[in-house]
Engineer: 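I have a structure I would like to understand better, so I am pasting it below and will then ask my questions one at a time.
As a basis for the values below, the full set of heavy atoms in this structure was taken, side chains included, without hydrogen atoms, waters or symmetry mates. Starting from 1, each residue takes its place in the sequence as its number. Everything numeric here is computed off the predicted structure, so don't read it as measured data.
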Amino acid sequence: MQQAHRSRILHFLGDPGGQLGEKAYEYFEDGLLVIQEGHVLKIGDAHDLMPSLSPEIKVIKHNNTLLLPGFVDTHIHFPQVEIIAAYGEQLMDWLKKYAFPAEEKYCDRKYAKQMARIFIEQLLRNGTTTALVFCSVHPESVDAFFEQCGEKNLRMIAGKVMMDRNCPSSLRDTAETAYNDSKNLIDKWHNKGRLQYAVTPRFAVTSTPAQLAMARKLMYEYPDVYLQTHLSENHEEISLVLDLFPECKNYLDVYDRYDLLGERSVFAHCIHLGGDEWKRLSKTNSNLAFCPSSNLFLGSGLFSLEKADEQNLTVGIGTDVGGGNNFSVLQTLGDAYKVIQLKKEKMSPMRGLYLATLGGAKSLGLSNKIGNFESGKEADFVCLDSAATPLLEMRTGNCSDLSEEIFALSMLGDDRVIKETWIAGAKAYERD
Ligand code: GUN
Ligand code: ZN
């Protein structure tokens, strides 16, 4: 089954922050994206490709639309959807007051299912087609999330939080149960259709050495699963970690001693790292999730994109809902820009959009499957409306080039600009 989408189309071939300059992206003012069996067959100017289409192919014309690859959210928490935008605390108190009580409810399969529906709806209405997701400590929460992702054919990565200390007893597993539960979930879900598993020790504060050793064992036994955790987000957190692991040189060294660094690993936040930590992340090809909305909302600090670039690190964008106060990767780019301004660094409009698409896919090792419209990639895409609000219509109407329009969309856009979200060539969300 073939179909073709005619629209303005933009996608990235590489990082505009590197040497590629304008060669980093392709833009078609009147483009055609041809899809076969859920995968990209070809992309190009409609004028060139239309004559080669067989007459029975359905051509869907998107008027006043900018078609982009779906957004990739490299760090988000499913069981925190109900406490998004909770007032008044920084990380450690916020966890105690809001996050842990919310996560306790996910022992209930029915509740987890109901919330999974809401969570996935939010992802799709914000144009997020792939995410790296923390579930709760309960295997039921992973089942609820993956069941519904499977039904919608979404490409998602998720895992059960491992947490055996410094949390309420109702949320505590043990090194052994975390291992057994994770193993069962990997056997059940990993590589089932488009779903993949991430071993998920919450952070060094809530895992004993015995549990981190179990995370290592899982990574050895299943070399193609992911590892996700938090790193160097908040000063109180960092000093707790150093107290809990006095033998370690620094925060990252805790994970390093358990062999948890590497190209399948994604570390969220990475705000207050020392030089040795930056180098070690780079040496091990580890990946970073930049979560600006959360870092501002929880008052955690300012991430340095320049330091990550100096070390050639792969960075993706994370909303970190519920520490982050929005599901929109576009809005998160707006916060990213402000963080980078405060750091007196630069992130071009195209760079931001790259990080939200192909860059995110790279940081998840998925750039051979998603992130742009190269032939053979899975056809997950979003249709954006640059005139979604009167303000956007006025502002984007005044833009002199594409980069200015992308910047306006990143600074002013949110779920209102997402007209449609398509998953593997099928429409999964429509705004109107
Ligand atoms: N560190 C440990 N757990 C969490 C969490 O749930 N959210 C954030 N932002 N940081 C964490
Ligand atoms: Zn987080």
Engineer: Short question: side chain of R431, backbone of D415 - any donor-acceptor pair under 3.5 Å?
Structural biologist: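 No; judged by distance alone, with no hydrogens or angles, the pair does not exist.
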Engineer: Give a yes or no on this: more than 12 heavy atoms of other residues, nucleotides or ligands lie within 6.0 Å of atom CG of N64.
Structural biologist: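 Count not over threshold, so no.
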Engineer: For D256, does its backbone N or O pair with a side-chain atom of D253 as donor and acceptor, under 3.5 Å?
Structural biologist: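 A pair under 3.5 Å: no.
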Engineer: Looking only at non-hydrogen atoms, find the nearest pair between A213 and Y258 and report the distance.
Structural biologist: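 Closest heavy-atom pair between A213 and Y258: N-CD2, 3.6 Å.
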Engineer: Between the main-chain N or O of E247 and the side-chain N or O of R257, is there a donor-acceptor pair closer than 3.5 Å?
Structural biologist: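 At least one qualifying donor-acceptor pair exists.
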Engineer: Measuring from Q311:CD to S304:OG, what's the distance to the nearest 0.5 Å?
Structural biologist: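 Going from CD on Q311 over to OG on S304, the span is 10.5 Å.
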Engineer: Residues two or more places apart in sequence or in another chain: which of them pass side chain to side chain donor-acceptor pair (under 3.5 Å) with T284?
Structural biologist: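 By the side chain to side chain donor-acceptor pair (under 3.5 Å) rule, T284 matches S286.
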Engineer: Would you say the side-chain atoms of S207 pair up with the backbone N or O of A204, donor to acceptor, closer than 3.5 Å?
Structural biologist: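 No.
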Engineer: Could you tell me whether the side chain of K362 and the main chain of L355 form a donor-acceptor pair under 3.5 Å?
Structural biologist: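 Side chain of K362 to backbone of L355, a donor-acceptor pair under 3.5 Å: no, none is there.
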Engineer: Is the backbone of I120 close enough, under 3.5 Å, to the side chain of Q148 for a donor and an acceptor to pair up by distance?
Structural biologist: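 No, because the side chain of Q148 does not come within donor-acceptor range (under 3.5 Å) of the backbone of I120.
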Engineer: Taking NZ, NE, NH1 and NH2 as the nitrogens, is one of them in E147 or K192 under 4.0 Å from a carboxylate oxygen of the other?
Structural biologist: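 No, this pair does not count.
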Engineer: Could you give me the CA-CA distance, side-chain angles and deciding distance for Y222 and Y197, then say whether ring-ring contact (aromatic ring centres under 6.0 Å, His included) is met?
Structural biologist: CA-CA 10 Å; Y222 298 93; Y197 195 83; 8.7 Å; no
Engineer: Testing the 3.5 Å rule here: is there a donor-acceptor pair between the side chains of E405 and S386?
Structural biologist: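 Their side chains do contain a donor-acceptor pair, which is all the 3.5 Å distance test asks for.
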Engineer: Other residues, nucleotides and ligands only: do more than 12 of their heavy atoms fall within 6.0 Å of CD on E22?
Structural biologist: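 Atom CD in E22 is not packed in, count stays at 12 or less.
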Engineer: Under the rule for ring pair (Phe, Tyr, Trp, His ring centres under 6.0 Å), what residues qualify as partners of F290, not counting sequence neighbours?
Structural biologist: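 Partners of F290 by the ring pair (Phe, Tyr, Trp, His ring centres under 6.0 Å) criterion, ordered by chain and then number, come out as F303.
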Engineer: Go through the steps to decide whether L353 and Y25 satisfy the test side-chain contact (heavy atoms from CB on, under 4.5 Å), and finish with yes or no.
Structural biologist: CA-CA 10 Å; L353 197 58; Y25 63 89; over 6 Å; no
Engineer: I'd like to check M156 versus L123 (side-chain heavy atoms, cut-off strictly below 4.5 Å). Are they in contact?
Structural biologist: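 Side chain of M156 against side chain of L123, heavy atoms only: contact under 4.5 Å found.
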Engineer: Heavy atoms, side chains only, cut-off 4.5 Å: are M394 and N398 in contact?
Structural biologist: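 Yes - at least one pair of side-chain heavy atoms lies under 4.5 Å apart.
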Engineer: Could you tell me if the side chain of R280 sits less than 4.5 Å from the side chain of K283, heavy atoms only?
Structural biologist: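 In short, these two side chains touch, coming nearer than 4.5 Å.
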Engineer: Do N191 and D224 pair up side chain to side chain, a donor and an acceptor below 3.5 Å, judged on atom types alone?
Structural biologist: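 There is such a pair (donor and acceptor under 3.5 Å, judged by atom type) between the side chains of N191 and D224.
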Engineer: To check you understand the geometry: which heavy-atom pair defines the closest contact between W94 and A86, and what is its length?
Structural biologist: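 Shortest heavy-atom separation between W94 and A86 comes out as NE1-CB, 4.3 Å.
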Engineer: Could you tell me the separation between the CD atom of Q80 and the SG atom of C135, rounded to the nearest 0.5 Å?
Structural biologist: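 So the CD of Q80 and the SG of C135 are separated by 11.0 Å.
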Engineer: Apply the test salt bridge (charged side-chain N to carboxylate O under 4.0 Å, His left out) to residues D259 and R216: give CA-CA distance (whole Å), side-chain angles for both, the deciding distance (0.1 Å), then the verdict.
Structural biologist: CA-CA 6 Å; D259 299 326; R216 165 168 56 198; 3.5 Å; yes
Engineer: Are D414 and R416 within salt-bridge range, i.e. N to O under 4.0 Å?
Structural biologist: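 Here D414 pairs with R416 in a salt bridge, since their nearest N and O are under 4.0 Å apart.
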Engineer: What are the two closest heavy atoms between G360 and V72, and how far apart are they?
Structural biologist: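 The pair with the smallest heavy-atom distance is C-CG1, 3.7 Å.
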Engineer: With sequence neighbours left out, what residues match Y255 under ring pair (Phe, Tyr, Trp, His ring centres under 6.0 Å)?
Structural biologist: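 With neighbours one apart ignored, the set is Y251, F267.
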Engineer: Could you tell me whether D380 and R194 have a side-chain N and a carboxylate O separated by less than 4.0 Å?
Structural biologist: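 Yes, this pair counts.
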Engineer: Please give me the minimum heavy-atom distance between T357 and P69, naming the atom from each residue.
Structural biologist: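 Shortest heavy-atom contact: CG2-O, 3.7 Å.
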Engineer: Would you call D187-K183 a salt bridge at under 4.0 Å N-O?
Structural biologist: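 Between K183 and D187 there is no salt bridge, as every charged N stays at least 4.0 Å from the carboxylate O atoms.
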Engineer: Without swapping roles, check the side chain of D73 against the backbone of T319 for a donor-acceptor pair under 3.5 Å.
Structural biologist: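 Indeed, once roles are kept as given, a pair shorter than 3.5 Å links the two residues.
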Engineer: Determine whether L364 and V266 satisfy the following criterion, side-chain contact (heavy atoms from CB on, under 4.5 Å), listing intermediate values before the conclusion.
Structural biologist: CA-CA 8 Å; L364 302 181; V266 179; 3.9 Å; yes
Engineer: Would F28 and L67 count as a side-chain contact (heavy atoms from CB on, under 4.5 Å) here? Give the steps.
Structural biologist: CA-CA 10 Å; F28 305 96; L67 199 151; over 6 Å; no
Engineer: For Y337 and F407, take the angle between the two ring planes, folded into 0 to 90°, and tell me which bin it lands in: parallel under 30, tilted 30 to 60, perpendicular over 60.
Structural biologist: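 Perpendicular, since the angle between the ring planes exceeds 60°.
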Engineer: Once you round to the nearest 0.5 Å, how far does NZ of K427 lie from CG of L124?
Structural biologist: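 That separation rounds to 13.5 Å.
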Engineer: Donor-acceptor pair, distance only, cut-off 3.5 Å: does the side chain of T229 make one with the backbone of P201?
Structural biologist: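 Side chain of T229 to backbone of P201, a donor-acceptor pair under 3.5 Å: yes, one is there.
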Engineer: List the residues meeting ring pair (Phe, Tyr, Trp, His ring centres under 6.0 Å) with H230, not counting sequence neighbours, and say none if there are none.
Structural biologist: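 Ring pair (Phe, Tyr, Trp, His ring centres under 6.0 Å) list for H230, sorted by chain: H75, H77, F134, H269.
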Engineer: If you round to the nearest 0.5 Å, how far is NE2 of H62 from CZ of F381?
Structural biologist: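 Rounded to the nearest 0.5 Å, the CZ-NE2 separation comes out at 5.5 Å.
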Engineer: Among residues at least two apart in sequence or on other chains, which ones pass side chain to side chain contact (heavy atoms under 4.5 Å, CB included) with N285?
Structural biologist: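 For N285, the residues satisfying side chain to side chain contact (heavy atoms under 4.5 Å, CB included) (neighbours in sequence not counted) are E263.
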Engineer: With distance as the sole test, does N372 use its side chain to make a donor-acceptor pair with the main-chain N or O of F12 at under 3.5 Å?
Structural biologist: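 Judged by distance alone, yes, a pair lies under 3.5 Å.
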Engineer: Would you call K343 and E306 a salt bridge, taking side-chain N to carboxylate O under 4.0 Å as the test?
Structural biologist: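 No salt bridge links K343 with E306.
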Engineer: Consider only side-chain N and O atoms of S293 and D335, and report whether a donor and an acceptor are under 3.5 Å apart.
Structural biologist: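 Indeed, the side chains of S293 and D335 share at least one donor-acceptor pair under 3.5 Å.
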Engineer: Inspect the contact between E121 and R125 and indicate whether a charged nitrogen and a carboxylate oxygen are less than 4.0 angstrom apart.
Structural biologist: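 No salt bridge links R125 with E121.
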Engineer: If the plane angle is over 60° it's perpendicular, under 30° parallel, otherwise tilted; pick one for H235 and H272.
Structural biologist: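 Aromatic pair H235/H272 classed tilted.
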Engineer: How far does CG of L261 sit from CD of E277, to the nearest 0.5 angstrom?
Structural biologist: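 L261 CG to E277 CD: 10.0 Å, rounded to 0.5 Å.
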Engineer: Do the charged groups of D173 and K160 touch, with an N to O distance under 4.0 Å?
Structural biologist: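 K160 and D173: salt-bridged.
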Engineer: Scan E104, H138, E103 and name whichever one has a side-chain hydrogen bond (donor to acceptor under 3.5 Å, both in side chains) with S170.
Structural biologist: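 Checked E104, H138, E103 against S170; only one passes side-chain hydrogen bond (donor to acceptor under 3.5 Å, both in side chains): E104.
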Engineer: Quick one: CD on E237 to CZ on F203, what's the gap to the nearest 0.5 Å?
Structural biologist: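 CZ of F203 is found 5.5 Å from CD of E237.
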Engineer: I would like to know whether F71 and T129 meet side-chain contact (heavy atoms from CB on, under 4.5 Å); could you show each step before the answer?
Structural biologist: CA-CA 6 Å; F71 298 128; T129 50; 5.9 Å; no
Engineer: Is the closest side-chain heavy-atom distance between E140 and Y106 below 4.5 Å?
Structural biologist: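 They are not in side-chain contact.
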Engineer: L66 pairs by side chain to side chain contact (heavy atoms under 4.5 Å, CB included) with which of L409, V382, I9?
Structural biologist: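 Answer to the side chain to side chain contact (heavy atoms under 4.5 Å, CB included) test with L66 among L409, V382, I9: L409.
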Engineer: Heavy atoms only: give me the nearest Q228-A198 pair and the separation to one decimal.
Structural biologist: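 Result for this residue pair: NE2-CB, 3.8 Å.
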Engineer: How would you list, by chain and number, every residue that makes a side chain to side chain contact (heavy atoms under 4.5 Å, CB included) with T208, sequence neighbours excluded?
Structural biologist: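 Applying side chain to side chain contact (heavy atoms under 4.5 Å, CB included) to T208 gives D164, R165, A210, Q211.
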Engineer: For S328 and L330, indicate whether the former's side chain and the latter's backbone hold a donor-acceptor pair under 3.5 Å.
Structural biologist: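 Present.
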Engineer: Closest heavy-atom contact between T332 and G318?
Structural biologist: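 Nearest heavy atoms, T332 then G318: CG2-O, 3.7 Å.
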